[in-house]
Amino acid sequence: MIGGYRGKEGQWAFVLHRISGLAILLYLLLHILSIGSIAISRDAYEAVHAVESHWLFSMGLVFVTAGVLYHALNGLRIIFMDFAGWGVKIQRELFYVVLVISAIGGILTGVLTLMRVLAEHGG
Amino acid sequence: MIRAKRFEDAKAQATGNAELFWWVFMRVSGIVLMFLVLGHIYMTFISVPESQSASYETIVTKLQQPVWKLYDWLIMVLAGLHGVNGARYVMEDYLPNKSTRFWVKAIFYTIVGVIFVWGTIGLYTFKPEL
């Protein structure tokens, strides 16, 4: 699919939608697996949580958030294309709007998370 | 898999009612998930200090209210179905061999099923230890 790229925005939107979707699904499954340890015992949960509290994981969550933002907004773009003629007409412009909002949201989340992590670990 | 751009086309293209159902489901669940997931991210990682985020006490306090249990369970089920159906589209696109596709799907659905049961048990049977 990526090899068949012809330089059109729609194709990039499609590829990014699939990659972000699969990444979010993988995250969801790992998230359920790890947080489900709460059913075993408090100690089990806290052992898992101690690992996931590492600042690297917190920064990793910024990418999850940006991916979710992109997937959600591009999903809306798809719905506009499905149900309204104007959605098809401006799908290329909408793709750039989706990219810009996702990037802004990702950077904002990144800055917020960085400040939280620094406050926590005494920077 | 339906490649339609509009509901009428989707209806015409659908090979069966199930396929049309999933086409509609992806759109409806997508809109609901937008609010559920972005709300979940905001409540867990933006509006709570780092030290409290996902700490045992925070989670137990939250899950003592049935409405948050339902919220989390709804996210899990909707995102799960939405994600698994998305993965099915991907598998149908990239695995042309019928028997390979069958086995990959069977193993994938089994793993996801087990994880879902695990998550549901975690959500509904844990005893708070405070």
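The chains referred to below are lettered A, B, ... by the order of the sequence lines, with proteins before strands, and numbering in each begins at 1. Note: hydrogens, waters and symmetry copies are ignored here, and every other heavy atom, side chains too, is used.
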Worksheet item: Yes or no on side chain to side chain donor-acceptor pair (under 3.5 Å) for Asn85(B) and Tyr89(B), after CA distance, side-chain angles and deciding distance?
Response: CA-CA 6 Å; Asn85(B) 189 50; Tyr89(B) 290 158; 3.2 Å; yes

Worksheet entry | Minimum-distance pair of heavy atoms, taken over all atoms of Arg27(B) and Phe83(A) | CD-CE1, 4.2 Å

Worksheet item: How far apart are the closest heavy atoms of Phe25(B) and His82(B), and which atoms are they?
Response: CE2-N, 3.7 Å

Practice prompt. Could you tell me which portion of Thr120(B) (side chain, backbone, both or neither) has an atom closer than 4.5 angstrom to a non-hydrogen atom of chain A?
Written response: neither

Worksheet item: Is it the backbone or the side chain of Ile59(B) that comes under 4.5 Å from a heavy atom of chain A, or both, or neither?
Response: side chain

Worksheet entry | Salt bridge present between Glu57(B) and Arg42(A) (N-O < 4.0 angstrom) | yes

Worksheet item: So, are Glu9(A) and Arg77(A) salt-bridged, with charged N and O less than 4.0 Å apart?
Response: no

Practice prompt. Select all residues of residues 25-41 of chain A having any heavy atom within less than 4.5 Å of some heavy atom of chain B, and report them by number, or 'none'.
Written response: Leu25(A), Leu28(A), Leu29(A), His31(A), Ile32(A), Leu33(A), Ile35(A), Gly36(A), Ser37(A), Ile38(A), Ala39(A), Ile40(A), Ser41(A)

Fill in: Selection residues 59-82 of chain A - residue pairs positive for ring-ring contact (aromatic ring centres under 6.0 Å, His included), sequence neighbours left out
His17(A)-His71(A), Phe80(A)-Trp86(A)

Worksheet item: Can you name the one residue among Val37(B), Leu38(B), Ile31(B), Val32(B) that meets side chain to side chain contact (heavy atoms under 4.5 Å, CB included) with Phe35(B)?
Response: Ile31(B)

Discussion item. I need the residue from Leu112(A), Leu61(A), Leu73(A), Val64(A) with the largest number of non-hydrogen atom pairs under 4.5 Å to chain B.
Written reply: Leu61(A)

Discussion item. With a strict 4.5 Å heavy-atom criterion, list every residue of residues 65-81 of chain B that contacts chain A, or say none.
Written reply: Met76(B), Ala79(B), Gly80(B)

Response to the item:
Under a 4.5 Å heavy-atom criterion, the part of residues 98-117 of chain B in contact with chain A comprises Phe108(B), Val112(B), Ile115(B), Phe116(B)

